[in-house]
Every structure is written in C-alpha cells, then in structure tokens.
There are 2 protein chains.
Amino acid sequence: MRGVGDVFKALADPTRRTILDELTDRDGQTLFEICARLASKHGLGSSRQAISQHLDLLEAAGLVETRREGRYKFHYINTTPLEPIVRRWLTKGPT
Amino acid sequence: MRGVGDVFKALADPTRRTILDELTDRDGQTLFEICARLASKHGLGSSRQAISQHLDLLEAAGLVETRREGRYKFHYINTTPLEPIVRRWLTKGPT
DNA sequence: ACGTTATGCAAGTGACTGCTTGCCTGTCAA
DNA sequence: TTGACAGGCAAGCAGTCACTTGCATAACGT
C-alpha cells in the first residue's frame, strides 16, 4: 500500500534512521556493505538479517529503492516521500 | 530527555498525527474538546485516557505545550521540533 | 458542604516489533 | 562441478506499545 503511515513507521526506529544516514553518505550500497559500515562507523552490532528486515521495511515505505545485479542488490535512498510528510503541519497558509 | 527519537516515536502513531491535525485546525483545545472533535470530525472512538496518554507523549516530544487555567488544561501545537527532523536527509548541499 | 466537571495516576492485557535462529535459493570463481 | 559468497524465508522469543480499567485529585457551581 505504501501509505503515509508506512513512512512514519519506517522513521520511528533509530537503526533505520542510521541506515538512511549511511545511504545519504554513500548511495547504492549492498547489504553487506551497509552492515560493515554500520558496525565500523556507527558502532552498531546489528546482524545481517536484522539489517535486511530494516531494508525491507524502508523499501516498503518507498524510502529505499533497489537494483539487482547478479548476486548483488544495491540500495538507493529516495527522499521523495519525506517532503510532504512534515509540511502537513508546517504550512499554515496556502503554498 | 526530549531527544530526536522522541519526535519520530510521537509521529509514528496515526491517532497522534490526527491530534496534531486537530490542533493545527484549532489551537488551544482542552482534553475533552479534542476527544469530542476527534470522534465527530475524524470518526475516532478513542477513550479519554487514551487521548490523554497520547497528549503526554506529544508533550514529552516537545510537539505540544500546555497551559493550565483553573481546572482546564489547554494544549498548543509546537512545530519547532519538526523542521530539522526531515531536513536531515533532504539537504545535500549547504543550506 | 456537596455533587459535578476536568484531569491525573497506575496496574493489567492483547497486539505488535525488532531480533535471533536455522535453513534455503541463486550467483560466481576455480 | 564444487565450494564460497550474497541474499531470502519463516518460525520463535522478549520487549514495547496502545488501550482499558479503576481509583484519586483538584476546581467550580449551587
């Protein structure tokens, strides 16, 4: 369904927000790359399956898009769903 | 603590987002007013205690501020914590 | 003073969430 | 073809969350 609520739910978890930080820093990473960089740069000891489930959720919310190439799967951040989210309460007058 | 995670957690629930919608429409409502308008305008049948707990959470996140006056407690929306939240991933270059 | 109104506090419950565990599929190099 | 590598699927478990239930506090009208 990829409704608005999915975006908020995806952003509710700190690990998922850190994943978005990582993809902002270097877009198009594989699952193993993300795991390695989360561990080294952010000090997160999450397992591969945990990160994979987080990526599934981010993809379901439309915040991450994927591209398969052989046995690799690259993950790209998509900030499009983010803009209208908060603007909902910020805009008092007509845009 | 009122950290960044509290704001995301507060926004994760659809009822709390509807409460923010209501306060955007009419600021400074009491608990009973919010309950009544949530039921009539938004079709939500949440109990008073449920709404009260949601308001506590929104206040802990800094999204709602309160002012007591006699036996009434008025709730005001505060959008200040919202701006830097999403901008975190939107800004690629210097603002 | 007494009852009503508006709100607060806290324990208990069912559902959801994040994570683990174990096994399976598909791809590439030798 | 065999083994290693990248990723996927699904069941189970512990913690959290939203909600209810029941009682308590405080302010106001009469």
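The structure displayed is predicted, hence computed values, not measured ones.
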List the atom pairs, donor and acceptor, that lie under 3.5 Å between side-chain atoms in residues 45-52 of chain B and the rest of the protein, sequence neighbours left out.
| residue | atom | partner | partner atom | Å |
| --- | --- | --- | --- | --- |
| B:Ser47 | OG | B:Ala50 | N | 3.2 |

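At whole-Å resolution of the value, CZ in B:Phe8 and C1' in D:dC17 are 19 Å apart. Going from atom NZ of A:Lys73 over to atom C1' of C:dG26 covers 13 Å, rounded to whole Å. The CD-P distance, from A:Glu69 to D:dG7, rounds to 12 Å in whole Å. The nearest whole Å value for the distance from the CG atom in B:Leu55 to the P atom in C:dA6 is 16 Å. The nearest whole Å value for the distance from the CZ atom in A:Arg71 to the P atom in D:dG3 is 16 Å. B:Phe74 places its CZ atom 11 Å from the P atom of C:dA6, with the value rounded to the nearest Å.
Using a 4.5 Å heavy-atom threshold, the side chains of A:Thr79 and A:Thr24 count as separate. At least one side-chain heavy atom of B:Lys41 sits under 4.5 Å from a side-chain heavy atom of B:Glu22.
Listed for the A:Arg16 side chain is a donor-acceptor partner under 3.5 Å among the backbone atoms of A:Lys9.
The nearest heavy atom of DNA chain D to A:Gln53 and to A:Tyr72 marks one nucleotide each, and the one closer to the 5' end goes with A:Tyr72.
Within the 4.0 Å cut-off from OP1 or OP2 of D:dC17, not a single side-chain nitrogen or oxygen of B:His54 is found.
When heavy atoms are screened at a 4.0 angstrom cut-off, A:Asp56 is found touching no nucleic acid atom at all.
You'll find a donor-acceptor pair under 3.5 Å spanning the side chain of B:Arg48 and the base of C:dG8, going by distance alone.
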